[in-house]
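Here is the structure we will look at, set down as structure tokens.
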Amino acid sequence: MSEISKAYEPQSVEDKWYDFWLKQGCFTADPKSAKPAYSIVIPPPNVTGMLHMGHVLNNTIQDILSRKARMDGKEVLWLPGTDHAGIATQMMVEKQLKKEERLTRHDLGREEFLKRVWVWKEKHGDIIINQLKKLGCSCDWTRERFTMDPEYSRCVQKVFVELYKKGLIYRGKRMVNWCPASQTALSDEEVEMKPQKGFMYHFKVQVAEVVGQASSLSSSSSIKSQPDRQDACPTTVLLTDTWLTIATTRPETIPGDTAVAVNPKDPRYAHLIGKHVIRLLPAELAAEQKLIPIIGDEQVDFEFGTGVLKVTPAHDKVDFEIGTRHKLPLIEVINADGSMNDLAGADLRGLDRFKARKIAVEKLREFEVLVEEKPYENNVGYSQRADVPIEPRLSEQWFLKYPAVEQSKACVAEGQMKFHPDRWAKVYDHWLTNIQDWCISRQLWWGHRIPVWYRYHFIPGGLQGRTTPALETFCGLEMPHGEGWEQDTDVLDTWFSSWLWPFATMGWPESTDTLKKFYPTTDLVTGPDIIFFWVARMIMAGYEFMSEPQFGLPDAMPFKNVYFTGIIRDKQGRKMSKTLGNSPDPLVLIAQYGADALRFGTMRSAPLGQDVLFDEKDVELGRNFCNKLWNACRFRQMQGGEVQGEIDPQLLTADDKWILLKLDAAIREVSIALNEYKFSEATAALYRFFWNEYCDWYVEASKASLPRAITTEASNLSPLEGERAGERGDESSDVSQVVEAPPHPNPLPPGGEGEMQKAAQKASTLAVIDFVLSHAIRMFHPFLPFITEELWHGMGYSTDMPDNQGGKTIMFAPWPLPFDDDFKAHYSLEPSHHDQTSTKYDLVVQGRNLRRVANIQAAKKVKYVFKPAQPLTSHDAEVIKLLLNAEALEVNADYQPPKGTPSVNTSLGELFLPLEGHIDRAAETVRLTKEVEKIAAEIAKVEAKLANPSFTQKVPATVLQEHQQRLVEWQGKLAHAKTALEELG
RNA sequence: GCGCGGUUAGCUCAGUGGUAGAGCAUUACCUUGACACGGUAGGGGUCACAGGUUCGAACCCUGUAUCGCGCACCA
């Protein structure tokens, strides 16, 4: 750091050090290392994704944990990678295909389309990885994984086959959440309930009696999408005068109704059970084809709507259950793409479901059966990805019965695995208690193909002498031998691969060195929004697949701690999203403010477990802080001298001891905060220590020991007038002593005793500065990796360290430890030193305030007089003078101030600002009156407490003492202020 | 409906029983040996409300209001 610029310029520093770390292999984890292991697996970002603020928060935390662990002497593996993100990626490529070539994926065919996706992946897959590097993430890139890597895919298939063989994976025809836009089934977790404004339609249907043969509708077996309706059957239909009113939000599904249900306990309707009603659509059918039964079902809530429910088993989950109970037929009237099919009738055929709803309502109106149409808001399930209402649909899908559920619940409930903050444990437990089987198949092309093959056998002489096909199914890692096998066309849910992430990235199913060393991982850092999608499932997978004896694990859980970050929102509290355009581009912020600034600002505003309102001001603060750090180091550098000299206990000033004690406190505070995952607390403590304690007080005070460098005649530095070698620490309250500024050329010849003393003092101060800075920089490193590495080398703090402990890079420099008793004894660091110096600084603050009250401009040099109440060293006098920015400080124990001289009082003594007749009596009166009021109020509070006998009897001794002491202090101040006020007259 | 979280300075938020804090914003002054991305000193809060426990409550308990989130088959 020979030439140091005035302001910190991150751009020139960041790439340099990142390259250096990579070249030196600083991020590479060694499974053979003897050091204790620390590991994290990254929540793999979508391979097509772009870095957003959520990633910044998430990955900065992981990087802080990783870097801290390295400094603690751990062998660290932070394992990175990306997720193939089935739907998201496929949609993105399809969109591009449509835009650039006006083609759909079907135009290309499966194979060709997948080629295109891989091309896209190769082209864009690195983007987010490079963005993470810009942020400073210390991931072991030599182990980067992708969920569609060949080895990873083998793991997915193996897991499928194993679970299939255990009977936990099965295929079945079920009601699933169908996304008409992406035309695939979705899991329950991918459905987001959204309130939607619509209408509740009330319409009436006529009750009919069936004479003779009952309608086939109530007894026929299930049918689906058959070209001819089978509900036709010759009967005699007698219309009655009774009408039933039905409430629905989905009139377009009327053609799919196969019953009307009432609660059997409902006195209004119970007697109608067994009769029929005339279904209104499709209108073109004959009356007897429109007959549907009235059934009784307990699930009908007679409080809701009219108490009469139309039952559409093919298009509603509840209706499907009712239909199953009553063996109702299924009539599917909506196609996979959300349009109406032929069975919906002539009026609706071919229409989109929402358009069809309007037409159906028109029809009802036309039939004069529409009783009411009122605005209504209800919750509708939306496809999270495509943002369209999902359609409950009956289809053949693969399902997983979740494994190891009880173990997974227990490990969190019993505390082997800790959630931070722990309230998420309850959410987790609740979900695991109520889970239903996971629909894992997706009708997509991009993803892990289901490892199942089918072929048909034709068995002659089946039913009624016809040849019937029989399906043969094979599940395995390889395609089976023999003719005619065809693989299942579906792929697996993306999360069915991500749930294996903690071990599939480490060489599973082999018991590799990496797994042995780094599994279970130490910490997982993720957002609570994927607690079900990912976290819970990983825990289950861990127990299911890592429990085997070959891994020799006492507990197969995938991680010991889960840290849930907040969600980053914008200033208005809205979730950041692409569509809203309210998400700033972190790379722009990095370019503008620097990666360290972005990290620091983000961490400072992200308390444990709370959402974060992002404000660019926070990043600005981070930048300002980096600049402060930079300039504090620049100041040290400008003093020259040996780097990291010996600290001589004999030469320590009160200020030196004060800052060392503050450093000790900061080390404790920051270390504790980090152990508890309280990053904003750690950041705040560092900020306060460095800016408010070190820069604002210590650096300023140290200037008393650092003679101003005077250009060419730098050797002619002056001792203070009246001060001689050996006088340090002398009591000076018995003589009037004036400390003047500015220092003037040394009257003594160079090499004189005073000169030697000054030089030694300076060296000692520089040693303290170096000590504090080298500790502070190390504590900042996990938060601010780039600037700290630059300063570590630039300041020369790396030079004396062993190569693997900070000599090469600050990354492996030891994390500062709180001072032990020996250290404190050696440098006589006692709390009393700290308190006295704090009082000194308090005196300075009050003294500065006098200047303001007297309306004296900050730049104007003034003379203060200090009347000490106890001995004061000449050094302290000099510090007070400097901090007051005074022209001179007269220390005079016998000072008799002119009446009305503004003054302040502390336990150290009284400080006066003699104004030589220019006292602003009015202003001073106002100030003092206000002060008296304030003090009196405080005294009243304390006195009231002390007057209470139950207080004095019950309170702990320390608290009592503290109150008594406080009272004495306030009383002293009050007396002082009152006297001053009286003197003003 | 059930569960969770929030309500503290103009704004964003810390603060888990003992003198109400930070950053930003704001007022005044200042280019004083590193930093104007800076310095100095201020102003600004009956800690949402009502009860209770306690010598003492922003903090613990009960209830209310209000905002947000999650879960839930109400057509």
Side-chain angles (χ1 to χ4, degrees), chain A residues 4 6-8 193 200 246-250 261 299-301 303-306 308-312 316-321 378-379 392 421 423-424 426-427 430-431 434 528-529 531-532 567 569 571 573 593 597 601 604-605 607 609-615 617-618 620-639 678 680-681 684 687-688 692 695-696 699-700 703 706-710 741-742 845-846 848-853 855-861 882 885 938 941-942 945 948-956 958-960 962-963 966 970:
Chain A
I4 184 163
K6 195 169 169 184
Y8 172 57
M193 298 306 277
M200 176 72 86
I246 301 173
T248 184
T249 52
R250 300 203 62 186
Q299 207 165 350
V300 179
D301 177 357
E303 302 276 311
F304 190 87
T306 59
V308 185
L309 174 69
K310 72 192 245 333
V311 184
T312 324
D316 187 279
K317 221 173 162 184
V318 178
D319 292 6
F320 179 77
E321 287 167 22
N378 63 342
N379 282 327
R423 61 189 157 86
W424 292 110
K426 206 168 170 180
V427 176
H430 182 255
W431 185 76
N434 297 294
D529 49 339
I531 185 170
F532 309 139
I567 310 254
R569 300 173 182 282
K571 265 170 144 181
Y593 298 102
R604 199 172 175 284
S605 57
Q610 293 299 326
D611 286 357
V612 186
L613 295 203
F614 177 79
D615 187 342
K617 286 271 183 203
D618 292 324
E620 208 174 302
L621 174 111
R623 179 204 53 184
N624 294 354
F625 184 79
C626 289
N627 194 51
K628 191 74 177 177
L629 183 59
W630 183 257
N631 273 290
C633 289
R634 197 160 81 104
F635 173 74
R636 161 63 187 95
Q637 189 134 77
M638 289 167 87
Q639 307 306 319
K678 292 177 178 170
S680 62
E681 265 179 37
Y687 184 95
R688 188 210 60 230
N692 303 126
C695 290
D696 287 352
V699 170
E700 293 307 318
K703 289 174 182 173
L706 299 171
R708 197 188 295 256
I710 298 172
V845 170
Q846 293 187 56
R848 286 163 173 168
N849 187 25
L850 286 181
R851 189 196 273 268
R852 146 100 173 165
V853 169
N855 207 15
I856 298 169
Q857 298 207 324
K860 194 180 170 193
K861 291 285 181 183
L882 254 172
N885 192 26
E938 293 296 338
K941 258 200 273 182
V942 184
K945 277 192 180 180
N948 186 343
S950 47
F951 174 79
T952 48
Q953 281 161 23
K954 292 187 185 178
V955 101
T958 49
V959 176
L960 183 63
E962 192 197 317
H963 276 74
R966 203 191 305 159
W970 284 118

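Chain naming here is simple, since letters A, B, ... match the order of the sequence lines and numbering starts at 1 in each. This one's a predicted model, so the numbers in the text were calculated from it and none came from an experiment.
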**Request:** Assign A:A684 to base, sugar-phosphate, or nothing according to its heavy-atom contacts below 4.0 angstrom with the strands shown.
**Result:** nothing
**Asked** Considering only the P atoms, how many Å lie between B:rG3 and B:rG18, rounded to the nearest integer?
**Response** 31 Å
**Item:** A:D615 CG - B:rA14 P separation (whole Å)
**Value:** 15 Å
**Message:** Base, sugar-phosphate or nothing for A:K426? Non-hydrogen atoms, less than 4.0 Å.
**Reply:** sugar-phosphate
**Asked** With a 4.0 Å cut-off on heavy atoms, is A:K317 in touch with a base, just the backbone sugar-phosphate, or nothing at all?
**Response** nothing
**Prompt:** Does A:E962 pair with A:R966 as a salt bridge, N-O distance under 4.0 Å?
**Reply:** yes
**Message:** Classify A:P956 by what it touches in the nucleic acid, base, sugar-phosphate, or nothing, heavy-atom distance under 4.0 Å.
**Reply:** base
**Message:** Considering every strand and a 4.0 Å limit on heavy-atom distances, what is the contact class for A:L309: base, sugar-phosphate, or nothing?
**Reply:** base
**Asked** Atom CZ of A:F635 and atom P of B:rC35: how far apart are they, to the nearest Å?
**Response** 10 Å
**Prompt:** The side chain of A:F532 lies closest to which of these nucleotides: B:rG33, B:rC71, B:rG18?
**Reply:** B:rC71
**Message:** Would you measure the distance from the P atom in B:rC47 across to the matching atom in B:rC59 and give it in whole Å?
**Reply:** 10 Å
**Asked** Got a sec, which residues hit ring pair (Phe, Tyr, Trp, His ring centres under 6.0 Å) with A:Y8, two or more places apart in sequence or on another chain?
**Response** A:W630
**Prompt:** What string of B, S and - do you get for nucleotides 36-41 of chain B, 5' to 3', when a contact is any protein heavy atom under 4.0 Å?
**Reply:** SBSSSS
**Request:** Please assess A:K310 against A:T312 for the test side-chain hydrogen bond (donor to acceptor under 3.5 Å, both in side chains), listing each intermediate value before the final yes or no.
**Result:** CA-CA 6 Å; A:K310 72 192 245 333; A:T312 324; 3.1 Å; yes
**Message:** Output the rounded distance in Å from CD1 (A:I531) to P (B:rG5).
**Reply:** 14 Å
**Request:** Could you give the distance separating B:rU26 and B:rU62 at their C1' atoms, to the nearest angstrom?
**Result:** 41 Å
**Item:** P atoms of B:rU54 and B:rG15, separation to the nearest Å
**Value:** 28 Å
**Prompt:** How is A:W970 classified with respect to the nucleic acid when contacts are heavy atoms under 4.0 Å: base, sugar-phosphate, or nothing?
**Reply:** base
Please produce a list of atom pairs where a protein N or O lies less than 3.5 Å from an N or O of nucleotides 56-61 of chain B.
none

**Asked** Considering only side-chain heavy atoms of A:R966, which listed nucleotide, B:rU19, B:rA34, B:rC74, is closest?
**Response** B:rU19
**Results of salt bridge (Lys or Arg N to Asp or Glu O under 4.0 Å) for A:E700 - residues two or more places apart only** = A:K703
**Message:** With rounding to the closest Å, how many angstrom separate the P atoms on B:rU7 and B:rG43?
**Reply:** 26 Å
**Item:** Interatomic distance at P, B:rG23 relative to B:rG42, whole Å
**Value:** 14 Å
**Message:** What is the distance, to the nearest angstrom, from the CG atom on A:N692 to the C1' atom on B:rG21?
**Reply:** 12 Å
**Fill in**
For RNA chain B, the dot-bracket notation using Watson-Crick and G-U wobble pairs below 3.5 Å, [ ] for pseudoknot-type crossings and | for other-strand pairs, is ((((((((.[[[[.)..(..]]]].(((((.......))))).....[[[[[..)....]]]]])))))))....
**Message:** Given B:rG18, B:rA20, B:rA34, identify the nucleotide with an atom nearest to the side chain of A:N631.
**Reply:** B:rA34
**Criterion side chain to side chain contact (heavy atoms under 4.5 Å, CB included) against A:L706, the qualifying member of A:M638, A:R636, A:Q639** = A:Q639
**Message:** Taking any heavy-atom pair under 4.0 Å as a contact, classify A:Q299: base, sugar-phosphate, or nothing.
**Reply:** base
**Asked** Taking the side chain from A:H963 and the backbone from A:V959, do they hold a donor-acceptor pair closer than 3.5 Å?
**Response** yes
**Fill in**
To the nearest 0.5 Å, atom CG of A:N885 lies from atom CZ of A:R848 at 8.5 Å
**Request:** Output all residues satisfying ring pair (Phe, Tyr, Trp, His ring centres under 6.0 Å) with A:F304, sequence neighbours left out; order by chain, then residue number.
**Result:** none
**A:T248 side chain, from C-beta outward: closest of B:rG18, B:rA75, B:rA34** = B:rA75
**Prompt:** When all nucleic acid strands are considered with a 4.0 Å heavy-atom cut-off, which category describes A:N379: base, sugar-phosphate, or nothing?
**Reply:** base
**Request:** Indicate, with a heavy-atom threshold strictly under 4.0 Å, whether A:L960 touches base, sugar-phosphate, or nothing.
**Result:** nothing
**Asked** When the distance from CG of A:D618 to P of B:rC11 is rounded to whole Å, what number comes out?
**Response** 16 Å
**Asked** Are A:R634 and A:N631 close enough that a side-chain donor and a side-chain acceptor fall under 3.5 Å?
**Response** yes
